[in-house]
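Report on the structure given below.
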Amino acid sequence: MSVNTIDINKLMNHFDSHDQVWLFGYGSLIYKADFPYLERRPASITGWTRRFWQGSHDHRGTPEAPGRVATLVAQHDSICTGMAYLITPLTFEQLDIREKNGYLRVVTTMHFDGGGEAEGVVYIASEDNEAWLGPAPERDIARQIAHSHGPSGPNRDYLLHLADALRELGHDDEHVFALEHHLQALKFK
Ligand code: SIN
């Protein structure tokens, strides 16, 4: 199965007149910043919660055996913590390729830790994309993650690196930490 959002994202022209744009990362973009950026600051966005409900056919799984990666799900009053990066619009070419498996650029307001806010972009994979897997018991999600591998490596590394990065930032995320707990418990079975 292939879902490719590159062409749709190219049509996003909201920041065309800007020299610099803030990008909000909440998944692998927190711990794997393999793109050029001018500045990075811990930040959060409201109204969204992080969930491992997106299938990964290209990074942490395959089309035959997709892994599970993070996306955002709308939830009133929720706060999603992550990392904001100041980038130039050219960098979207690289990011659109990285996020091509169902993620669309969405305009959001991010609040920087320590004060201040900015309008910017967040990549979100919503339930109408072909790679969407949706909710499942956290134990089952952890089991799927434990068994999935893709071109970017084991799915378990995605989850464990994200959990470590959130801890380093001093952020709590019940869903991510519950998945980490289940994943680690699987090792001893
Ligand atoms: C993000 O990190 O902001 C998007 C999802 C991902 O690439 O893991």
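Atoms considered below: every heavy atom in the structure, side chains included; atoms not considered: hydrogens, waters and symmetry mates. When a ligand or atom number is given, it counts from 1 through the structure's own listing order.
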Ligand 1 to [X] polar contact by distance, N or O atoms, under 3.5 Å:
X	result
Y103	no
L29	yes
E99	yes

Name the closest protein heavy atom to [atom], giving the residue it belongs to and the distance to 0.1 Å.
atom	value
atom 8 (O) of ligand 1	Y158 OH, 2.5 Å
atom 3 (O) of ligand 1	Y26 N, 3.0 Å
atom 6 (C) of ligand 1	S28 OG, 3.3 Å

Between F112 and W22, is a ring-ring contact (aromatic ring centres under 6.0 Å, His included) present by the stated rule, with each step listed? CA-CA 11 Å; F112 300 114; W22 281 100; 4.7 Å; yes
All ring pair (Phe, Tyr, Trp, His ring centres under 6.0 Å) counterparts of Y85, not counting sequence neighbours: F35, Y37
Electrostatic pair R41-D113, nearest N-O below 4.0 angstrom: no
Is the shortest distance from a Lys or Arg side-chain nitrogen in R167 or E180 to a carboxylate oxygen in the other one below 4.0 Å? yes
Using the six-membered ring wherever Trp is involved, compare the ring planes of Y26 and F24 and label them parallel, tilted or perpendicular (cut-offs 30° and 60°). parallel
For G25, take its heavy atoms, then give the atoms of ligand 1 lying under 4.0 Å from any of them. 3 (O)
Heavy-atom contacts with G27 under 4.0 Å: which atoms of ligand 1 show up? List them by number with element. 1 (C), 2 (O), 3 (O), 8 (O)
Who passes side chain to side chain donor-acceptor pair (under 3.5 Å) against D96, sequence neighbours left out? R105, Y123
